[in-house]
A.B. asks: 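Encoded as structure tokens, here's the structure I'll be asking about.
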Amino acid sequence: MNISEEELEQRLRKLFADERLDLPPPPDAGTAIVAGARRRHRRRRVVQAVSGVAAAVVAVAGGLTMVRLHTEDGTAVMSADGSGLSVKPPENLTPGRPPQPSTPGPTGTQDIQVSSPPAAPPPTSGSPSSSRQSSTLPRVTSGPLLAADGFGRLKLGMTAAEVAAQSVTLSETQAGEACSVYAVAGSGVPDSATVVISKAVGLTVVTPDAVAHTAEGIGGGSTKAEVLAAYPAAKDEPGGLVAPVGAAEYHFRLDESGVVGTSLMSVDQDCAG
């Protein structure tokens, strides 16, 4: 069956106008609509507040990227990425007084210097006996100095001709087959002395006429204890002590008053002691 469009339209209008198809609203529909509108309004305000907080955080973070460097002369402001640098002049300076330059601090690991510990002082030279003698014992300086290698210009091992060439006068007092005894005097020696010269090894013994003193401060009046303190390797010999000093020996004659005479004798010699 064919129905015209006009008739179809009328039937549809009649159908839609039927009260049985109506959907009545619930009694609390108005309240629900108002509550929903209020929820949407609150959500909109929350979103706006969160956006403001986010903007504030971004601003603070941007401010924290600025590094302020304070010095005695003023304030330097530099951005964290090093793109900008400005210098603020110092404030509150005393009138008429120019700013004092400040020493720049280290800007990196290259500028930090680690100072090494101070070096230990070099050991002082000299024999232990000499140090002990100068610090604990009275030093004797009276009389001529009798060194460990000779007397004035005279040195152990010199021949008779070499000794005579040192501005001294040799007076032979006792001649021997291997060794001879001489009395010496002159400007080449601190005082007159008796020496023994070997034909084979040269000058071997020097005995000053006056009581001489040694470089360690042992001389006339020094006690046996003082000699042993200055020369720990010294040993007893008839009438005194013998103390080794390198290639020679000191022979100290002692009595109740202490040292009364000193001789220097070469260890390598063929003359009688």
Side-chain angles (χ1 to χ4, degrees), residues 124-158 160 162-174 179-198 202-269 271-273:
T124 56
S125 59
S127 63
S129 62
S130 177
S131 301
R132 181 168 53 252
Q133 171 70 10
S134 60
S135 60
T136 62
L137 299 177
R139 293 181 59 87
V140 176
T141 58
S142 60
L145 172 64
L146 181 60
D149 61 348
F151 189 54
R153 297 181 187 176
L154 306 187
K155 303 300 178 183
L156 294 178
M158 283 185 172
E162 291 172 337
V163 170
Q166 305 305 316
S167 300
V168 298
T169 301
L170 281 174
S171 301
E172 188 176 41
T173 60
Q174 182 179 350
C179 303
S180 298
V181 179
Y182 296 88
V184 296
S187 61
V189 289
D191 201 349
S192 59
T194 299
V195 300
V196 178
I197 300 177
S198 166
L203 180 62
T204 60
V205 180
V206 179
T207 304
D209 294 341
V211 181
H213 71 276
T214 68
E216 287 72 30
I218 298 299
S222 296
T223 65
K224 180 177 181 180
E226 291 171 345
V227 174
L228 291 173
Y231 304 99
K235 296 181 180 179
D236 290 316
E237 69 173 356
L241 293 170
V242 56
V245 283
E249 298 171 332
Y250 282 129
H251 291 259
F252 300 102
R253 298 191 306 277
L254 291 94
D255 63 10
E256 294 81 2
S257 63
V259 174
V260 295
T262 305
S263 296
L264 177 68
M265 182 179 297
S266 176
V267 174
D268 183 16
Q269 52 101 4
C271 300

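Index from 1, following the sequence.
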A.B. asks: Apply side-chain hydrogen bond (donor to acceptor under 3.5 Å, both in side chains) to Ser266 and list each qualifying residue two or more places apart in sequence or on a separate chain.
C.D. replies: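 Residues passing side-chain hydrogen bond (donor to acceptor under 3.5 Å, both in side chains) with Ser266: none at all.
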
A.B. asks: Going by ring pair (Phe, Tyr, Trp, His ring centres under 6.0 Å), name the residues that satisfy it together with Phe252, two or more places apart in sequence or in a different chain.
C.D. replies: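 For Phe252 the ring pair (Phe, Tyr, Trp, His ring centres under 6.0 Å) partners, ignoring immediate neighbours, are Tyr231, Tyr250.
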
A.B. asks: Residues in side chain to side chain contact (heavy atoms under 4.5 Å, CB included) with Gln174, at least two apart?
C.D. replies: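 Partners of Gln174 by the side chain to side chain contact (heavy atoms under 4.5 Å, CB included) criterion, ordered by chain and then number, come out as Val181.
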
A.B. asks: Write down the atom of Glu216, the atom of Ala230, and the distance for their closest heavy-atom approach.
C.D. replies: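 Between these two residues, the closest heavy atoms are CB-CB, 4.4 Å.
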
A.B. asks: Hey, could you give me the CG/CG distance between Leu156 and Leu264, rounded to the nearest 0.5 Å?
C.D. replies: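 The distance works out to 4.5 Å.
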
A.B. asks: Within a strict 4.5 Å, meaning less than it, do heavy atoms of the His213 and Leu145 side chains meet?
C.D. replies: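 His213 reaches Leu145 side chain to side chain.
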
A.B. asks: Looking at residues at least two apart in the chain, or sitting in another chain, which of them share a side-chain hydrogen bond (donor to acceptor under 3.5 Å, both in side chains) with Asp268?
C.D. replies: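 Result, side-chain hydrogen bond (donor to acceptor under 3.5 Å, both in side chains) vs Asp268: none returned.
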
A.B. asks: As an exercise, state the distance from CE of Met265 to NE2 of His251, rounded to the nearest 0.5 Å.
C.D. replies: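 Answer rounded to 0.5 Å: 4.0 Å.
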
A.B. asks: side-chain hydrogen bond (donor to acceptor under 3.5 Å, both in side chains) with Ser198: which residues, sequence neighbours excluded?
C.D. replies: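 side-chain hydrogen bond (donor to acceptor under 3.5 Å, both in side chains) list for Ser198, sorted by chain: Asp270.
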
A.B. asks: Does the side chain of Ile197 come within less than 4.5 Å of Tyr182's, by heavy atoms?
C.D. replies: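 They are in contact (side-chain heavy atoms under 4.5 Å apart), so the answer is yes.
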
A.B. asks: Restricting to side chain to side chain contact (heavy atoms under 4.5 Å, CB included), what partner residues turn up for Ser171, sequence neighbours left out?
C.D. replies: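 Expected list: Thr169, Ala183.
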
A.B. asks: Given side chains that start at C-beta, do those of Ser222 and Val259 come closer than 4.5 Å, heavy atoms only?
C.D. replies: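 A side-chain contact exists here, since the closest heavy-atom pair is under 4.5 Å.
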
A.B. asks: Just jot down the salt bridge (Lys or Arg N to Asp or Glu O under 4.0 Å) partners of Asp236, sequence neighbours excluded, or say none.
C.D. replies: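 By the salt bridge (Lys or Arg N to Asp or Glu O under 4.0 Å) rule, Asp236 matches Lys224.
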
A.B. asks: Would Leu154 and Leu203 count as a side chain to side chain contact (heavy atoms under 4.5 Å, CB included) here? Give the steps.
C.D. replies: CA-CA 8 Å; Leu154 306 187; Leu203 180 62; 4.1 Å; yes

A.B. asks: Using modelled atom types only, decide if a donor and an acceptor are shared between the side chain of Gln166 and the backbone of Val168 within a distance under 3.5 Å.
C.D. replies: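 Side chain of Gln166 to backbone of Val168: no pair is present.
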
A.B. asks: Once rounded to the nearest 0.5 Å, what's the spacing between atom CD1 of Ile218 and atom OG1 of Thr223?
C.D. replies: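 Here the rounded value is 7.5 Å.
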
A.B. asks: For Pro244 and Ala233, which heavy atoms make the closest approach, and how far apart are they?
C.D. replies: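 Minimum heavy-atom contact is CD-O, 3.7 Å.
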
A.B. asks: Hey, could you give me each pair passing side-chain hydrogen bond (donor to acceptor under 3.5 Å, both in side chains) that has a residue in residues 141-153? Not counting sequence neighbours.
C.D. replies: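 Residue pairs with at least one partner in residues 141-153: Arg153-Ser167.
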
A.B. asks: Give a yes or no answer on whether the side chain of Thr204 reaches the backbone of Val196 with a donor-acceptor pair at less than 3.5 Å.
C.D. replies: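 Yes.
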
A.B. asks: Under the salt bridge (Lys or Arg N to Asp or Glu O under 4.0 Å) definition, can you give me all pairs with a residue in residues 244-257, not counting sequence neighbours?
C.D. replies: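 Every candidate salt bridge (Lys or Arg N to Asp or Glu O under 4.0 Å) pair involving residues 244-257 fails, so no pair, neighbours aside, qualifies.
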
A.B. asks: Can you name the side chain to side chain contact (heavy atoms under 4.5 Å, CB included) partners of Ala164, sequence neighbours left out?
C.D. replies: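 Side chain to side chain contact (heavy atoms under 4.5 Å, CB included) list for Ala164, sorted by chain: Leu170.
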
